[in-house]
Protein chains: 2
Amino acid sequence: MSISGSKKKIIDSAQALFHRHGFQQTSLDDITRVSGVTRSNLYYHFNSKEELGLEALRERIRHYEAEVLGPTLRNTSFPPAERLSEFYRRVATYHRSQVPPAGCPFGNLAVEMCGTNDNFREMLSSFFDMWEDALESCIRQGIESGEFRGDYSPRIMAQMILSHLEGMVLMVKTHRTMEPLDSGTVMIMSLLKAT
Amino acid sequence: MSISGSKKKIIDSAQALFHRHGFQQTSLDDITRVSGVTRSNLYYHFNSKEELGLEALRERIRHYEAEVLGPTLRNTSFPPAERLSEFYRRVATYHRSQVPPAGCPFGNLAVEMCGTNDNFREMLSSFFDMWEDALESCIRQGIESGEFRGDYSPRIMAQMILSHLEGMVLMVKTHRTMEPLDSGTVMIMSLLKAT
DNA sequence: TAATTAGGACTGGGCGGTCAGTACTACTAT
DNA sequence: ATAGTAGTACTGACCGCCCAGTCCTAATTA
């Protein structure tokens, strides 16, 4: 059984609006307006705004794994350094396409929801863990292959890279320039290189 | 003439509520409830919720410079590495005191407001610049004294440290554990050390 | 014929913001 | 001395709007 057309439209519109305006700041009327789907149909597919929010997040995570992590960090047909570099390149391309910069969809949601809603928090927490795992594997393989320095544990480096990335994207959104992301990624790639 | 008692109460309560629940998600009634000041009195002191928000932010920035940056990063009576270390220590102490972790007051606000309100965005943008300046000076002096490695420009390192810090604090909020901040600061201190 | 979509009216509550008026103090003109 | 004036601090009642969610009917589609 496949997802009906309306349901997909709702989720797509909700994702875009939640990303740009936040979950709480997006009204169901906003979503019906953008998706062209009626309010009653929305409540036919979802029992509450929270349920829609969680499903939109789940779908975004699924999409991110398939379209970003899979082809880059986890793509073992390329050497680790190239994978990481390609990952950064895709991140930059994505954020360059958002004008004005809207920040990381996951980071934004984490800031907004983690203090008040445990369902969102837990989903985001395990997503960040999974993201970190992908980075860690890539780095570990890079150390083994001699491309990356081996004096820090892959886990610690992965943690650092993920936090740093989230922070850079926040700076891009705040300063409205890609510069922090561009120079930051160059620095990390250089720092990771084996001496 | 000093600020009236009520105005201070309003700003203090607003700061705490904005930090924990966000600007938009905090109602003026919430603020009157916590501060014990009436709604009409609030509108006597501030022309709008936005004006209150901006003043609360301005005050927080002032406080942060005086109570955090001044005694640590800018405190030239200590050597740079010790200053940075003390800075990290204070950040950790602050976030350890918030249960559950509420994230960075500035980072949270940036995520929430930078897409929709240029007054907030500009104030936060120049605040982050100023923060980066404080880090840069400290690092530059550390390089000159030979404590820190000199193969990256102080500006780039400062940028990296600030982004990384904001990201770590986001992780602390999401995962509800101080571990990312604790191990992340250790790693940065070690990375900066001159070889 | 069962799932899906459309349409619209409605509820109860929360929201930011407005307003006319009170109380108090201090300065000033007579 | 007194009456008037002005500025500050504060109050409670109120307004119109928007929100998530409900309810019901009816058409359409697979």
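By convention in this document, chain letters (A, B, ...) are assigned in the order of the sequence lines, proteins followed by strands, and residues within each chain are numbered from 1.
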Atom [atom1] of [X] to atom [atom2] of [N]: distance rounded to whole Å?
| X | N | atom1 | atom2 | value |
| --- | --- | --- | --- | --- |
| B:I31 | C:dG14 | CD1 | P | 17 Å |
| B:F46 | D:dC10 | CZ | P | 11 Å |
| B:H21 | C:dG14 | NE2 | C1' | 16 Å |
| A:K7 | C:dA3 | NZ | P | 14 Å |
| A:Y44 | C:dA2 | OH | P | 13 Å |

Phosphate oxygens OP1/OP2 of C:dT4: is one of them under 4.0 Å from a side-chain N or O of A:N41?
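It does not, given that no N or O in the side chain of A:N41 lies less than 4.0 Å from OP1 or OP2 of C:dT4.
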Counting only side-chain nitrogens and oxygens, does A:H45 get under 4.0 Å of the OP1 or OP2 atom of C:dA3?
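Checking A:H45 against C:dA3: no side-chain N or O falls below 4.0 Å of OP1 or OP2.
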Atom pair CZ/CD of B:F127 and B:E65 - distance to nearest 0.5 Å
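Taking CZ in B:F127 and CD in B:E65, the distance rounds to 7.5 Å.
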Between the OH atom in A:Y43 and the OG1 atom in A:T38, the distance rounded to the nearest 0.5 Å is 12.5 Å
Please check if the side chain of A:E112 supplies one atom and the backbone of B:E112 the other of a donor-acceptor pair under 3.5 Å.
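No, A:E112 side chain to B:E112 backbone: no donor-acceptor pair under 3.5 Å.
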Dump the intermediate steps for salt bridge (charged side-chain N to carboxylate O under 4.0 Å, His left out) on A:R74 and A:D133, then the final yes or no.
CA-CA 10 Å; A:R74 289 182 179 142; A:D133 288 344; over 6 Å; no
Does any donor atom in the side chain of A:E179 or A:S183 lie under 3.5 Å from an acceptor atom in the other side chain?
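The criterion, which ignores hydrogens and geometry beyond distance, is satisfied for A:S183 and A:E179.
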Can a side-chain donor-acceptor contact be found between A:H175 and B:S125 if the only test is distance below 3.5 angstrom?
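Side chains of B:S125 and A:H175: pair found under 3.5 Å.
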Using five pairs at either end of the helix from C:dT1-D:dA30 to C:dT30-D:dA1, determine the angle between the two local helix axes and round it to 10 degrees.
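Nearest ten degrees gives 10° for this helix.
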Review item, nucleotides 16-18 of chain C N/O atoms under 3.5 Å of protein N/O:
| residue | atom | partner | partner atom | Å |
| --- | --- | --- | --- | --- |
| C:dG16 | OP1 | B:K49 | NZ | 2.9 |
| C:dG16 | OP2 | B:L28 | N | 2.9 |
| C:dG16 | N7 | B:R39 | NH2 | 2.4 |
| C:dG17 | OP2 | B:Y43 | OH | 2.8 |
| C:dG17 | OP2 | B:K49 | N | 2.9 |
| C:dG17 | O5' | B:Y43 | OH | 3.2 |
| C:dG17 | N7 | B:R39 | NE | 3.2 |
| C:dG17 | N7 | B:R39 | NH2 | 2.9 |
| C:dG17 | O6 | B:R39 | NE | 2.7 |

How is the hydrophobic cluster of A:Y44 composed, in terms of its other members, when Ile, Leu, Val, Met, Phe, Trp and Tyr link through side-chain heavy atoms under 4.5 Å apart, directly or indirectly?
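Under the 4.5 Å side-chain rule, A:Y44 groups with nothing.
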For B:R83, run the side chain to side chain contact (heavy atoms under 4.5 Å, CB included) check against B:L135, B:I139, B:T76 and tell me which one passes.
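It is B:T76, the one option of B:L135, B:I139, B:T76 that forms the side chain to side chain contact (heavy atoms under 4.5 Å, CB included) with B:R83.
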